[in-house]
Amino acid sequence: MTATPPGHPFEIREHDVDGVHVIGMRGELDLATAPRLCVRIDAARRAGSRRMVVDLTTAVFCDSAGLRALIGSHQEMTAFGGRMAVAAQEESAVGRLFGLAGARELLNVHEDAGTAVAALALRTP
């Protein structure tokens, strides 16, 4: 049994913009899918990505396991000299979770992927 129902397909897409690696995720970020996102983030980091955006603007849900995965990935990027930002609309379900949990104090959160990329593209890792 998985936590993500079949009506909410989980999908990850990746691309680079202005030297920033963008990992976009669609669906639900939960106990069942968070490890898959972490594997992709870690693989990109190991491949040399030092500036990364995790785009959650098309995510419909995030639970505590997803939030913990993002915080852990952020800590890993920082430990290896990289920078990570998250794109999540403040009024979305994910954005509301970030607000309630205080995640905006732990993560570099932007309203959209373009703003997050611009913030990281201006800085060197």
Side-chain angles (χ1 to χ4, degrees):
M1 182 171 163
T2 65
T4 303
H8 297 281
F10 180 78
E11 181 181 8
I12 297 174
R13 294 186 183 196
E14 299 181 54
H15 64 281
D16 292 313
V17 178
D18 296 333
V20 177
H21 191 71
V22 179
I23 299 177
M25 191 240 100
R26 176 175 72 112
E28 296 187 1
L29 183 57
D30 57 23
L31 183 62
T33 59
R36 292 167 51 194
L37 179 62
C38 286
V39 164
R40 298 288 281 272
I41 292 170
D42 192 53
R45 182 188 55 78
R46 288 176 185 261
S49 294
R50 293 293 170 253
R51 293 179 285 174
M52 191 175 314
V53 169
V54 178
D55 183 359
L56 301 178
T57 57
T58 58
V60 296
F61 175 80
C62 180
D63 69 5
S64 60
L67 180 57
R68 176 66 189 111
L70 291 168
I71 292 169
S73 293
H74 180 267
Q75 291 171 336
E76 284 285 314
M77 283 294 292
T78 302
F80 285 93
R83 298 182 52 81
M84 185 177 115
V86 178
Q89 296 171 340
E90 191 171 344
E91 294 302 316
S92 70
V94 175
R96 287 191 300 274
L97 170 71
F98 285 4
L100 290 170
R104 292 179 186 278
E105 296 175 18
L106 300 171
L107 299 170
N108 183 9
V109 182
H110 297 270
E111 190 70 12
D112 58 63
T115 305
V117 167
L120 293 183
L122 296 175
R123 300 180 178 143
T124 57

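Hydrogens, waters and symmetry mates are skipped; everything else that's a heavy atom, side chains included, is used.
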Self-check item: Considering all heavy atoms, the nearest Ala101-Leu67 contact
Solution: CB-CD2, 3.6 Å
Quiz prompt | Shortest non-hydrogen separation from Ala85 to His110 and the atoms involved | solution = CB-CD2, 3.9 Å
Practice problem: Cation-pi check, Arg45 to Phe80: give yes when NZ or CZ is under 6.0 Å from the six-membered ring centre and within 45° of the ring axis, no otherwise. | Solution: yes
Exercise. Heavy atoms only: give me the nearest Leu120-Asn108 pair and the separation to one decimal.
Key: CD2-ND2, 4.2 Å
Quiz item: What distance do Met84 atom CE and Arg51 atom CZ have between them, rounded to the nearest 0.5 Å?
Solution: 15.5 Å
Exercise. For residues Val53 and Val17, determine if any side-chain heavy atom of one lies less than 4.5 Å from a side-chain heavy atom of the other.
Key: no
Quiz prompt | Inter-residue atom distance Arg96.CZ - Cys62.SG, 0.5 Å rounding | solution = 12.5 Å
Exercise. Go through the structure and list residues passing side-chain hydrogen bond (donor to acceptor under 3.5 Å, both in side chains) with Thr57, not counting sequence neighbours.
Key: Asp55
Practice problem: Can you measure from CD (Glu76) to CD1 (Ile71) and round to the nearest 0.5 angstrom? | Solution: 13.5 Å
Self-check item: Shortest non-hydrogen separation from Gln75 to Arg68 and the atoms involved
Solution: OE1-NH1, 3.9 Å
Practice problem: Check the hydrophobic clustering (I, L, V, M, F, W, Y; side-chain heavy atoms under 4.5 Å; chains of links allowed) and say if Val39 and Met52 are grouped together. | Solution: no
Quiz prompt | Whether Arg26 side chain and Phe10 backbone form a donor-acceptor pair below 3.5 Å | solution = no
Quiz prompt | Sub-4.5 Å side-chain heavy-atom contact between Thr33 and Ile12 | solution = no
Exercise. State, to 0.1 Å, how close Ala34 and Gly66 come at their nearest heavy-atom pair, and which atoms those are.
Key: CB-CA, 4.0 Å
Quiz item: Closest approach of Ala88 and Arg104, non-hydrogen atoms and distance?
Solution: O-NH2, 4.0 Å
Exercise. Measure the CD1-CG distance between Ile41 and Leu70 for me, rounded to the nearest 0.5 Å.
Key: 6.0 Å
Quiz item: Do His74 and Thr78 touch side chain to side chain, with heavy atoms closer than 4.5 Å?
Solution: yes
Quiz prompt | Inter-residue atom distance Ser73.OG - Leu37.CG, 0.5 Å rounding | solution = 6.5 Å
Practice problem: Return each pair, listed once, that meets salt bridge (charged side-chain N to carboxylate O under 4.0 Å, His left out) where at least one residue sits in residues 13-24; pairs must be two or more places apart or across chains. | Solution: Glu11-Arg13, Glu14-Arg40
Exercise. Report yes if some heavy atom in the side chain of Val94 is under 4.5 Å from a heavy atom in the side chain of Val86; otherwise report no.
Key: no
Quiz item: Going from CD1 on Ile23 to OG on Ser49, what distance comes out if it is rounded to the nearest 0.5 angstrom?
Solution: 7.5 Å
